[in-house]
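For reference, the structure is listed below as structure tokens.
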Amino acid sequence: MSTATESAPVLVLGATGDLGSAVARRLSAQGTPVILHAYSRTTELAYLADETGAVGRVEGDLTAEDGIEALSRTLADFETLSGLINCSGINPTPDTVAEIDQSEWQLTLDVNLTSAWRTASIALPKLRAAGSGALVLVSSVFGIRTPSRRAAYGVSKHALTGLAQAIAQEEEGIVRANVVAPGPMWSESSRQVFVKHARKEGVTVDEYISYRAARIPGHRFVTADAVAKVCVFLASDVAGAINGQCIVADGGEY
């Protein structure tokens, strides 16, 4: 078991996604020990754990009891955490409010919101024990202003700010809680999301990408690494005065 005198690790949830892996690598590069989580991409998790020298890793669906139990067992090996950066989430089908299937609505809330609450509640005692911890929840610009066809996603992301604000007040400065709201991050996986949007809008993928990029100063998407820098900053002592805030990282789109 680690002790409070050793460098306390940061728990990264959703570590095998574009943003999660960028966060894990940034933390590792600065010498911060990491505990990594993933659900389905277990091979990628093993490789990333080796690359970053992770002090722990956990696999599991955080909407299910066995996944929550697996996380609890992993964290039991550590007396303290210095941070939790939650990058896990799903981006559902871009349906209108009238079109959304109830099962997809519920799954979106379960993955993006309820699991964020449950994992935060597990991590908070470890963060508090460190005497100074930080919790970072990854939202979206759609969690600030939700456009059409994004209701399930937007609602789930809007609520993360409320969760962070409540934690910030309850923890009385011992544990800080903030939200990062990225704009679209360019990657192959984001392109697949754009494909779904383009189909719903009745335009080509290239037309949709050009439309989104044109709204950003410089006409380029932010990178996962750029957003990872914001997440790592908010989890650090340098950001000690920032608490209960939602930080937009979209390159200026909004």
Practice problem: Step by step, work out the side-chain contact (heavy atoms from CB on, under 4.5 Å) result for Y208 and V195. | Solution: CA-CA 8 Å; Y208 184 80; V195 168; over 6 Å; no
Quiz prompt | Worked verdict on L81 versus I35 for side-chain contact (heavy atoms from CB on, under 4.5 Å) | solution = CA-CA 9 Å; L81 292 173; I35 303 168; 3.8 Å; yes
Quiz item: Taking it one step at a time, do T223 and V227 satisfy side-chain contact (heavy atoms from CB on, under 4.5 Å)?
Solution: CA-CA 7 Å; T223 65; V227 178; over 6 Å; no
Practice problem: In sequence, state the C-alpha distance, the side-chain angles, and the governing distance for K126 and E79, and then conclude on side-chain contact (heavy atoms from CB on, under 4.5 Å). | Solution: CA-CA 6 Å; K126 304 285 185 179; E79 290 184 1; 5.7 Å; no
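Under the 3.5 Å distance criterion, the side-chain polar atoms of E104 are matched with a main-chain donor or acceptor of T93. Formation of a donor-acceptor pair under 3.5 Å by the R215 side chain with backbone atoms of G252 is not found in this model. Of the possible polar contacts, none joining the D61 side chain to the D66 backbone as a donor-acceptor pair under 3.5 Å is found. Looking at S210, its side chain does come within 3.5 Å of a backbone N or O of D206 through a donor-acceptor pair. Using a distance-only test at 3.5 Å, with no hydrogens or angles considered, no donor-acceptor pair links the side chain of H37 to the main chain of R57. Between the T146 side chain and the F142 main chain, a donor and an acceptor come within less than 3.5 Å of each other.
With no hydrogens or angles considered, no side-chain donor-acceptor pair links D110 and T63 at under 3.5 Å. In summary, the side chains of N86 and S88 do present a donor paired with an acceptor at a separation below 3.5 Å, with no hydrogens or angles considered.
Taking the charged nitrogens against the carboxylate oxygens, R118 and E65 do have a contact shorter than 4.0 Å, which makes a salt bridge. Salt bridge annotation for R149-D95: absent, with no cationic side-chain nitrogen under 4.0 angstrom from a carboxylate oxygen.
Here the CZ atom belonging to F233 is positioned 8.0 Å from the CD1 atom belonging to I247, to the nearest 0.5 angstrom. Here T96 contributes atom OG1 and E99 contributes atom CD; the two are 3.5 Å apart, rounded to the nearest 0.5 Å. For the atom pair CG (L163) and NE2 (H158), the distance works out to 15.0 Å, reported to the nearest 0.5 Å. Taken to the nearest 0.5 Å, the CG atom of L137 stands 9.0 Å off from the CG atom of N178. The CD atom of E44 lies 10.0 Å from the OG atom of S21; values are rounded to the nearest 0.5 Å. Between the OG1 atom in T108 and the CG atom in D101 there is a gap of 10.0 Å [rounded to 0.5 Å].
Checked against V180 for a side chain to side chain contact (heavy atoms under 4.5 Å, CB included), the options V136, L19, I85 give a single hit: V136. Applying side-chain hydrogen bond (donor to acceptor under 3.5 Å, both in side chains) to R212 and the options E253, E207, H219, H197 leaves one that passes, E253.
Looking at R25 and E51, their side chains come closer than 4.5 Å, going by heavy atoms from C-beta outward. Between L62 and Y39, the closest side-chain pair of non-hydrogen atoms is not below 4.5 Å. The closest side-chain heavy-atom distance from E171 to R128 is below 4.5 Å. Using a 4.5 Å heavy-atom cutoff, the side chains of L27 and V23 are in contact. Taking the side chain as every heavy atom from C-beta outward, L113 and L160 approach each other to under 4.5 Å. Counting only heavy atoms from C-beta outward, the side chains of I90 and N112 approach each other to under 4.5 Å. A 4.5 Å side-chain heavy-atom check between S190 and P184 finds every atom pair outside the cut-off. The shortest side-chain heavy-atom distance between V55 and V34 does not fall under the 4.5 Å cut-off.
Under the 4.5 Å side-chain heavy-atom criterion for Ile, Leu, Val, Met, Phe, Trp and Tyr, V230 and V141 are members of distinct hydrophobic clusters. No continuous path of ILVMFWY side-chain contacts below 4.5 Å connects V12 to V175, so the two sit in separate hydrophobic clusters. L124 and F78 end up in the same hydrophobic cluster when Ile, Leu, Val, Met, Phe, Trp and Tyr side chains are linked at under 4.5 Å. L84 and V111 fall into different hydrophobic clusters, defined by Ile, Leu, Val, Met, Phe, Trp and Tyr side-chain heavy atoms under 4.5 Å apart, directly or through other members. M185 and V205 end up in different hydrophobic clusters when Ile, Leu, Val, Met, Phe, Trp and Tyr side chains are linked at under 4.5 Å.
No close placement of the F194 and Y211 rings is indicated, their centers lying 6.0 Å or farther apart.
Counting all heavy atoms, side chain and backbone alike, G251 lies closest to P217 at O-CD, 3.3 Å. A pairwise comparison of heavy atoms in S139 and Y153 identifies O-OH, 4.4 Å as the closest pair. For G143 against K157, the heavy-atom pair with the smallest separation is CA-CB, 3.7 Å. The two residues A168 and N243 have their closest heavy-atom pair at CB-OD1, 3.2 Å. Minimum heavy-atom separation, V97 to A151: CG2-CB, 3.6 Å. The heavy-atom pair separating A239 from L234 by the smallest distance is CB-CA, 3.8 Å.
Within a 6.0 Å sphere centred on CG of D237, heavy atoms belonging to other residues, nucleotides or ligands number 12 at most. Shown here is W117, whose CH2 atom has no more than 12 heavy atoms of other residues, nucleotides or ligands within 6.0 Å. Heavy-atom neighbours of Q30 CD from other residues, nucleotides or ligands within 6.0 Å: above the threshold of 12.
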